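Structure, as structure tokens:
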Amino acid sequence: MKFEIFRPLLVALVAAGALGVNHRAIASTVATDQPKTAQPEMAQPETEIHPISDGNPDASPSPSEIADADLPEVLPNNSLEVSPVTPEQSEIQPAALPETLPEQVPSASLSDLSNLEGPASAADLSTSEITSESIAVPVDMLLSGTLPVDVNPAMAQVTSVQQFADVQPTDWAYEALAYLANSEAEGGLDCLEGYPDSTFKGSRAMTRYEFAAGLASCLDAVVGRLDSLDPEVLARIEALQREFASELATLRGRVDALEAAVSELEANQFSTTTVLRGNAWLNLTQAFPDGNILTERNPFAPNPFAPPIRGADGTPSRVFRGQPQATFSYYVNLNLITSFTGRDSLVTQLAVGNGNSPANELVSSGFLNSWGVPFTDQGAGTPNNVVVRELFYSFPIADSIQVDIGPRLNYYRYFDGNRFTFFQTGASTFNSSGSTLLGAVDRGSGVVFRWNIIQPLQLTVGYLAENSEFLNPAFGFNTSSNPGDGLFNSSNIITAQLAISPVRSFNLRLLYARSSLKPYNGYIGGAVGEPLPYGYIDDGFGGFLNDSGADTLVANFDWQIADWIGLFARYSWGRVDVNPVAREEGRQVRVQSFQVGLGFPDLFKRGALGVVSFLIPHDYLAGEEFLLSGGGDGGTQTELEVSYRYPVSDNISLVPAFYAIWNANNFEDNPTVYVGNLRFQFTF
């Protein structure tokens, strides 16, 4: 009897094993008539995924996430598995915010950023060793009629499945093993071999040598029976040959196409260890005040950086600002994520932009990039210059603990994330995307530990010393790289966050931060002044301050009530010690802020998100006399933001947003300011 009639069937079995097809459905036609019992599906090996979060926490990130894009805080929730990102989280990420338990912001890794990689670790490599390349030789042998006959001498032939000490009748593949191992008299193929210690090691991944040896042995057994097959069985085989002829040709073509695609990727890949991801935003923005806006600024240098001057009565100097012009700006993040083991990641984020939002023309000193300013309508230090925004190394030290360490970590990748206020998908202004009282060190040198304690609890603890791409070292900023200040002097921040996620639809985050604030130009405030919500403080008489301590408490939650609607809220409380150079110590500025809003997932289209956010960015409780800017005349500024992210495709989104600001700069008589923004968002 000729072997040719078996070739299509055997090729189908080999190809089915490589492509994940249930080969038992094919083999059962020629198997001996035995009682059939349902078998459970083989459990797939679990591969640990470690995010980037461009970004945000519940995304979260996004790791992605990372991931940045800030994945937030990689995607919006922080986790050892893929990452979101938080308000300022790595623009790595981002895809829609994941719902995770507990809330996560991904740490960044190759596997969770693009899913392009294979095994997550060296230990997992064996599970993927049977590739199209490894089965190419057996397939060619089958088609040519040349069969391998050598058997690995380290293996021992068995004639019954009962000879395997580690195989039990309760094992899910017991019947299949019995058919291969049992002698012909018992209805088997008598072609299975075991290890010299009388074990089969069924839970272990096999090598290519073992695959070849086992295949050769079973093919020999099948070929040896060709002459003894009865006509009925031969008729079945011929029927199978005719039935699967086209499928076999298709499978062979698919294997050839996959091999060609793999060769093309290997020849043109960016890197064997590094993934490149990026985000680009184009912002068309305009602010429309109802009249001139009163600000607290220096009349001789009326920009938002120069502190005001106190008059004889102690009142800070004031300047009116008029209608600004519309702007069209860009902001780009490029993320290079490198993995050396499959579980670690070296994250390098480059940024460049030229944004200066129109609302910045209307704010008091120290309030640059605050109210009415979309997060992506910013620069990155000097306009049009490429800077390193993030640089850190992430690795596990246990199954439940991930460590991120580096000279430039993004604070918002790890802390204060929220699925509805992640800037890439939800509420997108600086004030709405995170607490206005949190984050004196936006980017800094230090270390962050993330510990998945037990479901549903995750603890994140971090120490960062000031090192931001926005700040110019020539003016004394970036203390961690300055030998005059160093890594442990002001400004720095220690933060602990406990995330509680009892169900996937609800995330609660409780934060405490202790900051040591360095005065610049003698005053505390501005970009490194939180929990002061921007603005400046002095000793109450125009005098300078020493380094001062500060405390911040924040609670925020997001709750997706139903598929189409969610609720979120954030409360913050902070205090800053007033430590004058020439006056009595022991005074404080105390302030609180509120935020509440609604989210509308999949509004009009799957992947879309509408958000309404209402907030009071700063409500002073004590110490108003020390406010050099930001106090106004005692009024309370309030803000409303309405935004809608519409995904045009997987890579392009349009995000129109509208903002209204009442009692701007805490002046009760200031007219209302309206800001409109249209953002074009590209992910690649």
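Reckoned from all heavy atoms, side chains included, excluding hydrogens, waters and symmetry mates. What you are looking at is a predicted structure, and each value in this text was computed from that prediction instead of being measured.
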Practice task
Please determine if Asp377 and Arg679 form a salt bridge, counting it only when a charged side-chain N lies under 4.0 Å from a carboxylate O.
Solution key: no
Handout entry: Parallel, tilted or perpendicular, as decided by the 30° and 60° cut-offs, for the rings of Phe544 and Tyr523
Key = perpendicular
Problem - Test of ring centre spacing under 6.0 Å for Phe594 and His618 - result: no
Problem - Geometric class of the Phe506/Trp559 ring pair [parallel <30°, tilted 30-60°, perpendicular >60°] - result: perpendicular
Exercise for the section: For Asp416 and Leu438, indicate whether the former's side chain and the latter's backbone hold a donor-acceptor pair under 3.5 Å. Expected result: no
Exercise for the section: Classify the side-chain pair Asn354/Ser329 by whether it contains a donor and acceptor separated by less than 3.5 Å. Expected result: no
Practice task
Would you check if there is a donor-acceptor pair between the side chains of Arg408 and Asn467 at a distance under 3.5 Å?
Solution key: yes
Handout entry: Thr460 versus Arg450, side-chain donor and acceptor atoms under 3.5 Å
Key = no
Practice task
Could you check Asp344 against Ser339 for side-chain hydrogen bond (donor to acceptor under 3.5 Å, both in side chains), going step by step and ending with a plain yes or no?
Solution key: CA-CA 5 Å; Asp344 65 341; Ser339 181; 3.1 Å; yes
Problem - Heavy-atom donor-acceptor pair, Ser501 side chain to Arg504 backbone, under 3.5 Å - result: no
Problem - Distance-only donor-acceptor check, side chains Trp281 and Gln681, under 3.5 Å - result: yes
Exercise for the section: Say whether Asn452 and Ser400, considering side chains only, have a donor N or O and an acceptor N or O under 3.5 Å apart. Expected result: no
Practice task
Indicate yes or no: does Arg443 engage Glu390 in a salt bridge with an N to O separation below 4.0 Å.
Solution key: no
Problem - Ring centres under 6.0 angstrom apart (Tyr520, Phe475) - result: no
Practice task
Could you verify whether a donor N or O on one side chain and an acceptor N or O on the other, from Ser365 and Ser629, lie under 3.5 Å apart?
Solution key: no
Problem - Side chain Asn418, main chain Phe557, donor-acceptor under 3.5 Å - result: yes
Problem - Exam field: side chain Asn478 to backbone Ser468, donor-acceptor pair closer than 3.5 Å - result: yes
Exercise for the section: Could you tell me whether the side chain of Asn431 and the main chain of Gly372 form a donor-acceptor pair under 3.5 Å? Expected result: no
Exercise for the section: Compare all side-chain heavy atoms of Gln497 with those of Leu459 and state whether any distance is below 4.5 angstrom. Expected result: no
Handout entry: Heavy-atom neighbours of Asn651 CG exceed 12 at 6.0 Å
Key = yes
Problem - Basic-acidic side-chain contact under 4.0 Å: Asp404, Arg413 - result: no
Problem - Single hit among Val589, Thr436, Leu437, Leu517 for side-chain contact (heavy atoms from CB on, under 4.5 Å) with Leu532 - result: Val589
